[in-house]
Novice: 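Have a look at this one before I ask anything.
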Amino acid sequence: MMALARGRLHWIVPAAALFAWLVILAFILPYDPDEAVYKIVAAGITDGRWPYRDLFDHKPPLIYAWYLPAGFGSSIEIERVIAAGALTASVPVVARIARRWLTGRQVPIAVASYALLLANPFFFAGANTEAFTLLPLTAAIAATSPLLAGMLLGAAVMTTPTAVVFFPLLVLIWRRDAWRAATGVAVVCALIALPFVPVWRDFWDANVRFIFEYGGTVSLSYRLRHMAAFPIPLLLGSLPLWCGALFGIVSCVKRRQWPVLVWAVCATIAVKSAGFDFGHYYLFVAPPVALLAGGGLDQMLRRRAYRIALSLGLGCSIGLFLIVFIVLLRASEPYRDVADAVRLQPGELYVLGDRSQIYVLADRQPERRYFFNVPLAVSASRAAEARASLIACPPELLVVPQTILFKVDWAGQVTELYSERRQFAHAILFSRPTRLCDLSRR
């Protein structure tokens, strides 16, 4: 009984501290464009609109199920609290895996490392897909049944498609029974896709065809550079843990703890296959890095020189945490001013860019299928459809953010249709279109 209580203490304290910290971040960080997209699509679902057909996005459908509270009117901050709960719930799961694969004090070190990695503000996922994926993903690895493991991985895949690259880890764990895990993945994916049979062409177009189109826009040279890149803030914010993980690789090889190493490789592939280096993508590496750090830090703490180096690294990381926290406290939503101006004017709002949080801040639901720039920058046919719609029926209010990651070269053809222009800190608001709307072309 005492051993069980101590085992729980290994994760209860780090989990509680992690949840409190993530909740604080949830209410002070500006909105992420992807968070806004998920809220918009979820709100459309509650209003009877089909995802993919009526509101285009290219993410698997389970993320919109996670976002149903926001779809019924709750804020993105509340969604972030839900995501924080999901991340926190993965801590005891990682603790269970650590007790299975590690020994002695390596277990509490690994659990504490995992919580600290998730607490790194540069990792902050908010309510993005990765925050909801870690729980089913880690649970799949901790599962005691291959079928259950596959079903949990299926739920992860239908939240974030790159989770499919973790299937080799299940093959390594279950070996001859891996076919049962594959069956579980297939069954769950089929069940979740089943409700979309009425719009199956749009479902396939968004979740399969568009993904290949998106991948085709990234050059080989960029992919090679991206494979070697690593966000420095993520490294500096958790420097002792990364050092411990490097030592842990050696320890894992000596002990032949291949699942941990395979997990780390799969996680790296999942991160690098995403196409960009956003911090929240790296959440996938947190569990294997924490397990590696459990073994590595255990070895390093036995040597005085390493203990001193770790103490210095920990001090630097804490200092960086405090600096970042102070900066975050002073951070403000960059598009709040233009959103407040939109609130005062009636009519349809369209954001010609990839800053979908403007819709949420202005409390406006988009009315067109392609309501943000990602599909327009990737697909020429989608761009032509959206361009023709905007020119034939200009929305009453058009916002063009100054910072656009996915740009289109015909934006000027749309903005020239407006007679009034207002400059804000990070965006331009166009109003009073000079052309009457042809609703038949909308």
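Note that the structure is a prediction, hence the values are computed from the model and not measured.
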Novice: Can you confirm whether Trp410 sits close enough to Leu352 that some side-chain heavy atom of one is under 4.5 Å from a side-chain heavy atom of the other?
Specialist: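 The answer is yes; the side chains approach within 4.5 Å.
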Novice: Below 30° counts as parallel, above 60° as perpendicular, anything between as tilted: where do the rings of Tyr214 and His58 land?
Specialist: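 Parallel: the ring planes of Tyr214 and His58 meet at under 30°.
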Novice: When you look at CH2 of Trp258, are more than 12 heavy atoms from neighbouring residues, nucleotides or ligands closer to it than 6.0 Å?
Specialist: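 Counting neighbours around CH2 of Trp258, more than 12 heavy atoms of other residues, nucleotides or ligands fall under 6.0 Å, so yes.
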Novice: Hey, does Pro60 have a side-chain heavy atom less than 4.5 Å from the side chain of Asn207?
Specialist: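 Touching, per the 4.5 Å side-chain cut-off.
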Novice: Please name the pair of heavy atoms, one in Gly296 and one in Phe247, separated by the smallest distance, quoted to 0.1 Å.
Specialist: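 Result for this residue pair: CA-CB, 3.7 Å.
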Novice: Can you find a pair of side-chain heavy atoms, one from Val250 and one from Gln299, that are under 4.5 Å apart?
Specialist: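 A side-chain contact under 4.5 Å is absent here.
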Novice: Measure across Tyr335 and Thr403 and return the closest heavy-atom pair with its distance rounded to 0.1 Å.
Specialist: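 Looking at all heavy atoms of both residues, the shortest contact is OH-O, 4.2 Å.
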Novice: Could you tell me which non-hydrogen atom of Pro14 sits nearest to which non-hydrogen atom of Ala115, and how far apart they are?
Specialist: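 Residues Pro14 and Ala115, closest heavy atoms: CB-CB, 3.7 Å.
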Novice: Is there side-chain contact between Pro366 and Phe372, with heavy atoms separated by less than 4.5 Å?
Specialist: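 When only atoms from C-beta onward are counted, Phe372 and Pro366 do not touch, as no gap falls below 4.5 Å.
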Novice: More than 12 heavy atoms of other residues, nucleotides or ligands under 6.0 Å from CZ of Arg96: is that the case?
Specialist: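 Count not over threshold, so no.
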Novice: Looking at Asp34, is its backbone amide N or carbonyl O close enough to the side chain of Asp32 to form a donor-acceptor pair, meaning the two atoms are under 3.5 Å apart?
Specialist: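 Yes, Asp32 side chain to Asp34 backbone: donor-acceptor pair under 3.5 Å.
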Novice: Could you check whether any side-chain heavy atom of Leu361 comes within less than 4.5 Å of a side-chain heavy atom of Arg336, counting everything from C-beta outward?
Specialist: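 Leu361 vs Arg336: side chains touch.
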Novice: Might you confirm whether atom CZ of Arg201 has over 12 heavy atoms from other residues, nucleotides or ligands at distances under 6.0 Å?
Specialist: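 Not buried by this count: 12 neighbours or fewer within 6.0 Å.
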Novice: For Phe56 and Tyr370, take the angle between the two ring planes, folded into 0 to 90°, and tell me which bin it lands in: parallel under 30, tilted 30 to 60, perpendicular over 60.
Specialist: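 It falls in the tilted class, 30° to 60°.
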Novice: Output every pair passing salt bridge (charged side-chain N to carboxylate O under 4.0 Å, His left out) with a member in residues 352-366, not counting sequence neighbours, ordered by first then second residue.
Specialist: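 Matches after skipping sequence neighbours: none remain.
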Novice: How are the rings of His280 and Phe278 set relative to one another: parallel (under 30°), tilted (30 to 60°) or perpendicular (over 60°)?
Specialist: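 Geometry flag for Phe278 against His280: parallel rings.
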Novice: Taking the side chain as every heavy atom from C-beta outward, state whether Trp50 and Phe196 have any pair of such atoms under 4.5 Å apart.
Specialist: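 Result yes, sub-4.5 Å side-chain heavy-atom pair found.
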Novice: Give the intermediate values and the outcome of side chain to side chain donor-acceptor pair (under 3.5 Å) for residues Ser381 and Ser379.
Specialist: CA-CA 5 Å; Ser381 61; Ser379 169; 3.0 Å; yes
Novice: Taking the side chain as every heavy atom from C-beta outward, state whether Pro51 and Pro61 have any atom pair closer than 4.5 Å.
Specialist: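 Heavy-atom side-chain distance check fails, nothing below 4.5 Å.
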Novice: Please step through side chain to side chain donor-acceptor pair (under 3.5 Å) for the pair Thr129 and Tyr38, ending with a clear verdict.
Specialist: CA-CA 9 Å; Thr129 56; Tyr38 307 143; 4.5 Å; no
Novice: Calculate, to the nearest 0.5 Å, the distance between atoms CD and OH belonging to Glu79 and Tyr31 respectively.
Specialist: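 Result: 11.0 Å between the selected atoms.
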Novice: Closest heavy-atom contact between Ala83 and Ala131?
Specialist: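 Nearest heavy atoms, Ala83 then Ala131: CB-CB, 3.9 Å.
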Novice: For the residue pair Phe371 and Tyr359, what are the closest heavy atoms and their distance?
Specialist: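 Reported closest heavy-atom pair: O-OH, 2.9 Å.
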Novice: When you compare the side chain of Leu191 with that of Met151, does any pair of heavy atoms fall below 4.5 Å?
Specialist: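 They are not in side-chain contact.
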Novice: Can you name the nearest heavy-atom pair linking Cys266 to Phe166, along with the distance?
Specialist: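 Looks like CB-CD2, 3.7 Å.
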